[in-house]
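On a predicted model such as this, the values are computed, not experimentally measured, just so you know.
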Amino acid sequence: MQNIKRVISISNQKGGVGKTTTAVNLGASLASKGKRVLVIDLDPQANASSGFGVYRENISEGIYQVIIGQTPIQQVIQQTGVPGLFLAPATSDLTGAEIELVNTMARELRLRSAIEPVRDQFDFVFIDCPPSLGLLTVNSLTAADAVLIPLQCEYYALEGLGQLIHTIELVKSSLNPGLEVLGIVLTMFDGRNSLAHQVEDEVREHFCHKVFKTVIPRNVRLSEAPSHGLPALLYDVASRGCQGYLAMAEELLTESTAPIASAA
């Protein structure tokens, strides 16, 4: 997968599974390895933006203005505190985007068209999706080459995963034939909890080689970092959470995986 430019949608309709944490920290980890990375905050909650110390109330233009065609994406991209890592932030306007886009021509393709002028300027573009399967997430899936699915190592972890895979297959068949599932990353893993091990075993048995070997642990320092507007790489590089994402970045750079079958 080295030297392949990829747009990756980080998606799961369940909230609190580590989508934003993965977008911010995997992006920072890849940038630390010399890759040029863009994180697009497509979640109206704007947590990826604040995770880099960029707050939606302090910016006038973001990815919403880009999607509606008001502003080219080049004008909203910002450098973060990590060299080689850039952010296209979310503004408060994004909250009403799904309603406003309903009657827009080619509404599912707006993000893909917006990204096109800059996608070859980055080794990786990560899109942090909202916790839903609405129009914003469909835009992300239509724009992406692949989907990365964070999965929390807790009860109900697999609930809704089949629906997400089905949505991916629908987008693939109707809007984006090249879309594939890059893989599943297990997040918030607590090794002291037997249930976490059971969830891991079940996911690995069901999805086999589509699950990243790296498991992201539940980690206080990883949870604290966003409140300081920093990725864990700049907050506490020695923390287990940061080291997990650095290991995942290395795995992503050295291994390729086959698509999940639609029957999964």
Side-chain angles (χ1 to χ4, degrees), residues 1-12 17-43 47-54 63 73 77-90 111 115 118-129 140 143-151 179-189 210-217 219 221-222 225-226 229-257:
M1 228 159 86
Q2 289 158 319
N3 301 320
I4 297 177
K5 293 180 171 62
R6 295 186 65 105
V7 178
I8 299 173
S9 171
I10 301 179
S11 183
N12 190 325
V17 299
K19 290 188 298 296
T20 300
T21 300
T22 298
V24 169
N25 291 290
L26 182 57
S29 296
L30 286 164
S32 77
K33 296 177 183 295
K35 299 301 176 182
R36 188 173 166 90
V37 182
L38 172 64
V39 174
I40 296 176
D41 190 352
L42 202 63
D43 187 346
N47 289 332
S49 300
S50 61
F52 288 116
V54 178
I63 198 64
I73 193 168
I77 292 175
Q78 302 184 23
Q79 169 74 60
T80 71
V82 179
L85 179 60
F86 299 82
L87 170 72
L111 186 60
I115 291 174
V118 301
R119 62 177 289 153
D120 288 340
Q121 297 175 20
F122 299 95
D123 297 297
F124 293 93
V125 177
F126 291 111
I127 308 170
D128 184 30
C129 293
S140 174
D145 300 315
V147 188
L148 175 61
I149 305 172
L151 197 67
L179 185 65
E180 65 178 54
V181 175
L182 179 67
I184 296 169
V185 56
L186 298 170
T187 62
M188 304 181 188
F189 184 84
K210 289 306 303 180
V211 185
F212 279 85
K213 296 182 181 70
T214 305
V215 174
I216 307 300
N219 179 245
R221 302 296 276 174
L222 195 60
L230 296 170
L233 187 76
L234 298 181
Y235 181 66
D236 187 352
V237 69
S239 66
R240 290 172 59 245
C242 182
Q243 290 300 309
Y245 278 110
L246 286 167
M248 184 183 174
E250 192 63 35
E251 185 177 351
L252 183 61
L253 290 171
T254 56
E255 295 189 16
S256 60
T257 47

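The shortest distance between side-chain heavy atoms of Ile77 and Gln121 does not fall below 4.5 Å. Residues Lys35 and Leu253 are in side-chain contact: their nearest non-hydrogen atoms beyond the backbone lie under 4.5 Å apart. By the 4.5 Å heavy-atom criterion applied to side chains, Leu252 and Leu182 are counted as neighbours. Side chains of Leu87 and Val54 form a contact here, defined as non-hydrogen atoms less than 4.5 Å apart. Within the 4.5 Å cutoff, the side chain of Val17 has no heavy atoms near those of the Ile149 side chain. When side chains are defined from C-beta on, Ile216 counts as touching Leu222, because their heavy atoms get closer than 4.5 Å. Looking only at side-chain heavy atoms (C-beta outward), Val185 and Leu26 stay at 4.5 Å or farther from each other. Looking only at side-chain heavy atoms (C-beta outward), Ile10 and Pro150 come within less than 4.5 Å of each other.
Nearest heavy atoms, Cys129 versus Lys19: O-CE, 3.3 Å. Shown here for Ile127 and Ala143, the closest heavy-atom pair between the two residues is CD1-CB, 4.3 Å. Annotation for Thr214 and Gly244: closest pair CG2-O, 3.2 Å, computed over non-hydrogen atoms. Taking every heavy atom of both residues into account, Gly81 and Pro83 meet most closely at O-CD, 3.6 Å. Of all the heavy atoms in Val39 and Ala23, the pair that sits closest is CG2-O, 3.7 Å. Scanning all heavy atoms of the two residues, the minimum distance from Ala90 to Asp43 falls at CB-O, 3.7 Å.
A salt bridge links Asp145 to Arg119: one of the charged nitrogens lies within less than 4.0 Å of a carboxylate oxygen. Classification of Glu180 and Lys210 as a salt-bridged pair fails, no side-chain N sitting under 4.0 Å from a carboxylate O.
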Where do Ile115 and Ile40 land on the side chain to side chain contact (heavy atoms under 4.5 Å, CB included) test, with the steps shown first?
CA-CA 10 Å; Ile115 291 174; Ile40 296 176; 3.6 Å; yes
Working note: Leu111 + Ile63, criterion side chain to side chain contact (heavy atoms under 4.5 Å, CB included); need CA distance, chi angles, decisive distance, verdict.
CA-CA 9 Å; Leu111 186 60; Ile63 198 64; 4.2 Å; yes
Intermediate values then yes/no, side chain to side chain contact (heavy atoms under 4.5 Å, CB included), Gln243 and Val237:
CA-CA 7 Å; Gln243 290 300 309; Val237 69; 4.3 Å; yes
Show your reasoning for whether side chain to side chain donor-acceptor pair (under 3.5 Å) applies to Tyr245 and Thr22.
CA-CA 8 Å; Tyr245 278 110; Thr22 298; 2.8 Å; yes
Evaluate the side chain to side chain contact (heavy atoms under 4.5 Å, CB included) criterion for residues Thr21 and Thr187: first the C-alpha distance (whole Å), next the side-chain angles of each, then the deciding distance (0.1 Å), finally the verdict.
CA-CA 9 Å; Thr21 300; Thr187 62; over 6 Å; no
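Judged by distance alone, the side chain of Glu251 and the main-chain N or O of Phe212 form no donor-acceptor pair under 3.5 Å. Judged by distance alone, the side chain of Lys33 and the main-chain N or O of Glu250 form no donor-acceptor pair under 3.5 Å. In this structure, the side chain of Asp41 engages the main chain of Ser49 through a donor-acceptor pair within 3.5 Å. A donor-acceptor pair is defined here as one N or O able to donate and one able to accept, closer than 3.5 Å; no such pair exists between the side chain of Gln78 and the backbone of Phe86. At distances below 3.5 Å, at least one donor-acceptor pair connects side-chain atoms of Gln79 with backbone N or O atoms of Leu85. Under the 3.5 Å distance criterion, the side-chain polar atoms of Asn25 are left unmatched by any main-chain donor or acceptor of Pro231.
Rounded to the nearest 0.5 Å, atoms CG (Asn219) and OG (Ser239) are 5.0 Å apart.
Note that Arg36 lies in the cation-pi zone of Phe122, set by a 6.0 Å cut-off to the ring centre and a 45° limit from the axis.
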